[in-house]
Novice: 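Take this structure first; my questions come after.
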Amino acid sequence: MRQTTADRTRRRALALTLLATAALGGCRVAAGADTPAARTTYGAPVTVGRGTLRSYVTERDGAPAELGVAFSEAALEGLPTTGVGHHGGGGPIHQYVLDFPTANTAPFRFVEVNWNPMGHEPAGVYQDVPHFDFHFYTVGRAERDAIVPSDPEYAAKANALPTGDYVPPFALQLGPPGATPADVAVPMMGVHWVDARAAELQRLLGKPEAYQPFTRTFILGSWNGRFHFWEPMITRAHMLAKKHATDAAVLDEVIPVSVPARYHVPGYYPAAYRITWDDQAREYRVALTGLTRHE
């Protein structure tokens, strides 16, 4: 693919953002406290496993720098071994909807954490792999809750996909050949998009030599012509491994995401997502990070 001057400019900006984010994150994890220019605020905890889960927002110089969730050390133990993480999957649903502790999070409104003890479709990729989905929504709960098959316009809204500059490079709608978006839309979520470069998808895409088992990946969700959630998806095993990592880049893992040229709603959007273990706070964290303002 030919690289334009605009592409190169965006890549340089992304690299600088990630370097700044990594530096900020490294200070927070190593010191267990905020830097003078940064402040982290936590939301109310909810019970998960044998511990708790809570949202957090890190602000720097008055602007949001990172939005995430923090699991206490025991939260990844004693989790349900049956059931599903989302509506429409059958069985008990394991989802935790968390408000952010500050209002300085636009365009993001809330975060929903889903525990999938037996994974989910597609088979051979995410099925039978215990993992968490972290949905960071840019719509309110009522609008999210209205995504139901009983809506007469459900199919039309699902099939109305974002287009053009609003779609990040390499983003593909997740679904089997021949399926329409409405066929695979998830109630109270929407249509899921994947990055075509994700290692766990390569066997399905006819590149078995590039395949690697799923450990973590990044998803986007759309509904009625707009993207409305940003979603890191991470296995429990991958999160647990952070606690014993000795390599700093593994302990505090920052993964760039593909970003579009334009956004429908102004606000602060991520350049990456982050998975880390804070030894002083004794908690695992998953976050959207490298937040930068887009009009």
Side-chain angles (χ1 to χ4, degrees), residues 17-18 20-35 37-46 48-49 51-60 63-73 75-76 85 95-115 131-138 216-221 229-236 238-243 245 249-257 259 267-292:
T17 299
L18 292 178
T21 300
L24 171 62
C27 290
R28 180 69 178 91
V29 170
D34 298 316
T35 66
R39 180 172 67 94
T40 297
T41 307
Y42 288 90
V46 299
V48 174
T52 60
L53 170 68
R54 54 184 178 165
S55 64
Y56 73 87
V57 177
T58 297
E59 298 169 280
R60 185 172 63 174
E66 183 167 289
L67 308 177
V69 296
F71 293 85
S72 67
E73 186 172 11
L76 299 188
Q95 66 176 24
Y96 311 90
V97 179
L98 305 174
D99 291 320
F100 292 114
T102 77
N104 192 19
T105 61
F108 295 98
R109 308 279 293 277
F110 68 96
V111 57
E112 176 185 322
V113 179
N114 309 84
W115 166 238
H131 69 270
F132 288 95
D133 302 336
F134 301 88
H135 294 82
F136 292 82
Y137 279 94
T138 60
R216 44 81 169 165
T217 197
F218 194 77
I219 307 286
L220 286 172
F229 68 71
W230 276 245
E231 179 195 353
M233 199 161 78
I234 307 164
T235 67
R236 173 180 176 271
H238 191 70
M239 293 174 63
L240 285 170
K242 299 298 176 189
K243 183 176 176 180
V250 175
L251 170 67
D252 191 7
E253 186 179 15
V254 178
I255 308 102
V257 299
V259 298
Y268 289 84
Y269 289 89
Y273 66 104
R274 182 182 182 194
I275 316 163
T276 190
W277 162 256
D278 185 322
D279 193 57
Q280 184 167 331
R282 307 302 291 178
E283 61 187 18
Y284 303 91
R285 293 181 186 163
V286 174
L288 301 184
T289 196
L291 299 180
T292 53

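One is the number of the first residue; the rest follow in order along the sequence.
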Novice: Would you say the rings of Phe71 and Phe132 are close, in the sense that their centroids are separated by under 6.0 Å?
Specialist: yes
Novice: Measure the CG-CG distance between Asn114 and Asp133 for me, rounded to the nearest 0.5 Å.
Specialist: 5.0 Å
Novice: For the CZ atom of Arg236 and the NE2 atom of His131, what is their distance to the nearest 0.5 Å?
Specialist: 14.0 Å
Novice: Under 6.0 Å between the ring centres of Trp230 and Tyr137?
Specialist: no
Novice: Answer whether the closest heavy-atom distance between the side chains of Ile275 and Ile255 falls below 4.5 Å.
Specialist: yes
Novice: OG of Ser55 to CZ of Phe110: how many Å apart, nearest 0.5 Å?
Specialist: 12.0 Å
Novice: Below 4.5 Å, heavy atoms only, C-beta onward: do Val69 and Leu53 meet side chain to side chain?
Specialist: yes
Novice: Kindly confirm or rule out a cation-pi arrangement of Arg54 over Tyr42, judged by NZ or CZ under 6.0 Å from the six-membered ring centre and within 45° of its axis?
Specialist: yes
Novice: Give the minimum heavy-atom separation between Ala65 and Arg60, together with the two atoms involved.
Specialist: CB-CB, 4.2 Å
Novice: Do any N or O atoms from the side chain of Thr217 and from the backbone of Met233 form a donor-acceptor pair under 3.5 angstrom?
Specialist: no
Novice: Taking the side chain as every heavy atom from C-beta outward, state whether Pro107 and Tyr269 have any atom pair closer than 4.5 Å.
Specialist: yes
Novice: Side chains of Thr58 and Thr40 only: does a donor on one sit below 3.5 Å from an acceptor on the other?
Specialist: yes
Novice: Looking only at heavy atoms, what is the nearest atom pair of Thr41 and Arg39, with distance?
Specialist: OG1-NH1, 3.2 Å
Novice: In Å and rounded to the nearest 0.5 Å, what is the CG to NZ distance from Leu251 to Lys243?
Specialist: 12.5 Å
Novice: For the residue pair Phe229 and Phe134, establish whether any side-chain heavy-atom pair is separated by less than 4.5 Å.
Specialist: no
Novice: Tell me, do Glu66 and Val57 make a side-chain contact under 4.5 Å, heavy atoms counted?
Specialist: no
Novice: Using side-chain contact (heavy atoms from CB on, under 4.5 Å), reason through Arg216 and Thr235 one step at a time and then give a plain yes or no.
Specialist: CA-CA 6 Å; Arg216 44 81 169 165; Thr235 67; over 6 Å; no
Novice: Any non-hydrogen side-chain atom of Leu291 less than 4.5 Å from a side-chain atom of Pro270?
Specialist: yes
Novice: Is there side-chain contact between Phe136 and Leu67, with at least one heavy-atom pair below 4.5 Å?
Specialist: yes
Novice: Hey, what do you get for NZ (Lys242) to CD (Glu253), rounding to the nearest 0.5 Å?
Specialist: 3.5 Å
Novice: Decide yes or no for Leu288 and Phe218: does some side-chain heavy atom of the first lie under 4.5 Å from some side-chain heavy atom of the second?
Specialist: yes
Novice: Could you give the distance from CD (Glu231) to OH (Tyr273), rounded to the nearest 0.5 Å?
Specialist: 10.5 Å
Novice: Quick check with a 6.0 Å cut-off and a 45 degree axis cone: is Arg285 positioned over the face of Tyr56's six-membered ring?
Specialist: yes
Novice: For the residue pair Val254 and Arg274, what are the closest heavy atoms and their distance?
Specialist: CG2-CG, 4.1 Å
Novice: Please report the C-alpha distance between Glu59 and Thr102 in whole Å, then the side-chain angles of each, then the deciding distance to 0.1 Å, and finally whether the side-chain contact (heavy atoms from CB on, under 4.5 Å) criterion is met.
Specialist: CA-CA 10 Å; Glu59 298 169 280; Thr102 77; 4.1 Å; yes
Novice: Determine the minimum heavy-atom distance between Pro45 and Thr52, stating which atoms define it.
Specialist: CB-CB, 4.0 Å
